[in-house]
Asks: 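The structure is given below, and queries will be raised subsequently.
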Number of protein chains: 2
Amino acid sequence: MAATPPAHLSPRKKPRQARAAMTLDAIFEATIQVLLAEGLHRLTTTRVAERAGVSVGTMYQYFPNKQSLLYALNERYLDIVAEKVEKTCRGKHGATTAEMVQALVDAYWQAKTERRDVTRALYRSAVELDNEALIEAFAQRVDAATIAMLASASDGSYVDLHLVNTTLLAVIFGTVRNVFERNLTASMEADIRSQLTTMCLSYLKAASADRAAR
Amino acid sequence: MAATPPAHLSPRKKPRQARAAMTLDAIFEATIQVLLAEGLHRLTTTRVAERAGVSVGTMYQYFPNKQSLLYALNERYLDIVAEKVEKTCRGKHGATTAEMVQALVDAYWQAKTERRDVTRALYRSAVELDNEALIEAFAQRVDAATIAMLASASDGSYVDLHLVNTTLLAVIFGTVRNVFERNLTASMEADIRSQLTTMCLSYLKAASADRAAR
DNA sequence: CCTCAAAGCGAAGAATTCTTCATATATTGG
DNA sequence: CCAATATATGAAGAATTCTTCGCTTTGAGG
């Protein structure tokens, strides 16, 4: 991942002492909190520093500007999610399609739901960010993982695995985000999650049936 | 729609003369352009006014603040999209499920794609906006339309129409947005669109089969 | 314990932004 | 043609925000 961020978004330096690492953690956490409590347009360097319990100057020691802070935050988060998905995919090599889809939806949903506040904060932060490259890198990483998994399925293969895979991911990612943006009850959410799995499964069945028919 | 916006987001007054109506149009259009050309964080009242060829004061004659401008813009747009979906749904009453899904996906995709620049601009503008109510109103309006349509299907019914419907919408809306956020080739996009239709269809088939099995 | 590098500080300048209001111009109905 | 009303103007004050830099404090290795 980490498609080497453009210079103006790269961190200035990495922490060398334990103290500095804690400071960085505090800054990231503070960023999320401010994002949630005040929104993107009230996310100021001063406020973040204050909340983190450090001075603004400290923040600028690590990041050349506000954007780079948000960039780093997104990078960190996407990395975690990507890793979870990759791990899940590796764990399901050779399994049945049904197991794979189930696991994939669960893993992604879980990763996003674990700390839904953070997820929401990051969806917001990303808007005003030149992070297409970041998203793209994330997408490709996940793509590779899921393709490898699906290709190893014990119970079916697809004419256009690439297309099927891309579709699957677009649908899963998109649906999760959409659900996040609405204010549904927990049970409604759980229901949709399960329906989403059903939907993906029936799609894959149809897609391989398609193949058989040709 | 239009769940009466909170006071601080309501327009100050409506245009009474043709001149004023043109001014408003210019302001909205300028807002979109600035959003696209500069991004949300550079969307300032001054810049919008300048681009619209009016003075800032004029803008403040109609909107009490910047937020209310964005709110009104979103309202206007969501209204158009909702109307298109409603019209499509009315047109498919009594049709087959397959026709309905096809039409729904097409209508929504089309509405969002017609001016993809505008769509993108609005996705951005909405982030920093207290527009949950707006989204909710939109969702309910579309919900009602699609439920009514599906309930009239000539070839199937569902145990939990409500859930099926909500899922369908979450998936369609989410997928469209996700596709928008990536930079896919036109043909890849078209492919996904068609796959999405397939997926929705196979889901509905599975959902009604479920019913039959109980 | 001492020195050098790492980390932290925060007041303050430069820039940007929102919003108002006193004033000026345009339109319309009588 | 003349009020009365609707529109439009834009300079300027108040507020907010980003970022720097000279200085202090802390930590680690010798």
Side-chain angles (χ1 to χ4, degrees), chain A residues 7-31 34-35 37-73 124-125 127-130, chain B residues 7-31 34-35 37-73 124-125 127-130:
Chain A
H8 62 113
L9 291 179
S10 295
R12 274 190 162 138
K13 66 176 185 190
K14 291 191 162 185
R16 305 192 173 246
Q17 301 177 3
R19 182 173 45 143
M22 301 215 50
T23 299
L24 263 185
D25 282 346
I27 289 175
F28 281 132
E29 183 59 30
T31 305
V34 172
L35 228 27
E38 318 250 6
L40 181 59
H41 72 128
R42 301 211 60 197
L43 181 94
T44 69
T45 51
T46 316
R47 252 190 281 269
V48 168
E50 195 181 16
R51 192 123 184 180
V54 301
S55 88
V56 226
T58 297
M59 215 215 72
Y60 277 92
Q61 204 120 45
Y62 299 100
F63 306 101
N65 50 55
K66 200 175 87 169
Q67 275 222 326
S68 73
L69 166 65
L70 291 178
Y71 191 94
L73 186 65
R124 290 186 190 179
S125 82
V127 170
E128 213 32 61
L129 195 52
D130 183 15
Chain B
H8 63 112
L9 291 179
S10 296
R12 276 190 160 138
K13 66 177 183 189
K14 291 192 163 185
R16 303 189 177 249
Q17 301 177 2
R19 181 171 50 139
M22 301 213 51
T23 299
L24 263 186
D25 282 346
I27 290 175
F28 281 131
E29 184 59 31
T31 305
V34 173
L35 229 27
E38 319 250 6
L40 181 59
H41 72 130
R42 302 211 61 199
L43 182 92
T44 69
T45 51
T46 316
R47 252 190 280 271
V48 168
E50 195 179 16
R51 192 123 185 181
V54 302
S55 87
V56 227
T58 298
M59 215 216 71
Y60 276 92
Q61 203 120 48
Y62 298 100
F63 305 101
N65 50 55
K66 199 174 88 167
Q67 275 221 327
S68 72
L69 166 65
L70 291 177
Y71 192 94
L73 186 66
R124 288 185 190 181
S125 81
V127 168
E128 213 32 60
L129 195 51
D130 182 17

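Throughout, a chain's letter reflects where its sequence line sits, starting with A, and its residues are numbered from 1.
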Asks: At what distance, to the nearest 0.5 angstrom, does CD of A:Gln61 lie from CG of A:Leu24?
Replies: 10.5 Å
Asks: Taking all non-hydrogen atoms of both residues into account, name the closest pair between A:Ala21 and A:Pro15 and its distance.
Replies: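 Residues A:Ala21 and A:Pro15, closest heavy atoms: N-CB, 3.6 Å.
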Asks: Starting at CG of A:Leu73, measure out to CG of A:Leu35 and round the result to the nearest 0.5 Å.
Replies: 7.5 Å
Asks: Compute the angle between the rotation axes at the two ends of the helix from C:dC1-D:dG30 to C:dG30-D:dC1, each taken over five pairs, rounded to 10 degrees.
Replies: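 Axis angle across the helix from C:dC1-D:dG30 to C:dG30-D:dC1, nearest 10°: 20°.
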Asks: For DNA chain D, what residues of residues 16-27 of chain A have any heavy atom nearer than 4.0 Å?
Replies: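 Going residue by residue through residues 16-27 of chain A, the ones with a heavy atom under 4.0 Å of DNA chain D turn out to be A:Gln17, A:Arg19.
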Asks: To the nearest 0.5 Å, what is the distance between OG (B:Ser10) and CZ (B:Phe63)?
Replies: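 Going from the OG atom of B:Ser10 to the CZ atom of B:Phe63 covers 11.0 Å.
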Asks: Provide, to the nearest angstrom, the distance between the CG atom belonging to A:Leu69 and the P atom belonging to D:dT19.
Replies: 11 Å
Asks: Let's see if you get this right: which residues in residues 56-67 of chain B place a heavy atom under 4.0 Å from DNA chain D?
Replies: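 Correct list: B:Gly57, B:Thr58, B:Gln61, B:Tyr62.
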Asks: On DNA chain C, reading 5' to 3', which nucleotide is the first and which the last to sit with an atom under 4.0 Å from a heavy atom of chain B, could you check?
Replies: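 For DNA chain C, the relevant span reads C:dT17 to C:dT27.
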Asks: Once rounded to the nearest 0.5 Å, what's the spacing between atom CG of B:Asn65 and atom CZ of B:Arg12?
Replies: 8.0 Å
Asks: Is a side-chain N or O of B:Arg47 found less than 3.5 angstrom from the main chain of B:Arg42, in a donor-acceptor match?
Replies: yes
Asks: For B:Leu9 and B:Leu70, what are the C-alpha separation, side-chain angles and deciding distance, and is it a side chain to side chain contact (heavy atoms under 4.5 Å, CB included)?
Replies: CA-CA 9 Å; B:Leu9 291 179; B:Leu70 291 177; over 6 Å; no
Asks: My understanding is that only residues two or more places apart in sequence, or in another chain, count here; which of them pass ring-ring contact (aromatic ring centres under 6.0 Å, His included) with A:Tyr62?
Replies: none
Asks: Residues in side chain to side chain donor-acceptor pair (under 3.5 Å) with B:Thr23, at least two apart?
Replies: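 By the side chain to side chain donor-acceptor pair (under 3.5 Å) rule, B:Thr23 matches no residue at all.
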Asks: Compare every heavy atom of A:His8 with every heavy atom of A:Pro64, then report the nearest pair and how far apart it is.
Replies: CG-O, 3.8 Å
Asks: Between atom CE of A:Met59 and atom OG of A:Ser68, what is the distance when rounded to the nearest 0.5 Å?
Replies: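 Output value for this atom pair is 6.5 Å.
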Asks: At 4.0 Å (heavy atoms only), tell me whether B:Thr44 reaches a base, stays on the sugar-phosphate, or touches nothing.
Replies: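 If one applies the 4.0 Å heavy-atom cut-off, B:Thr44 turns out to touch the sugar-phosphate alone, with no base involved.
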Asks: With side chains defined as the heavy atoms from C-beta onward, is the minimum distance between B:Leu43 and B:Glu38 less than 4.5 Å?
Replies: no
Asks: Nearest 0.5 Å please: distance from the OG1 atom of A:Thr31 over to the NZ atom of A:Lys66.
Replies: 10.5 Å
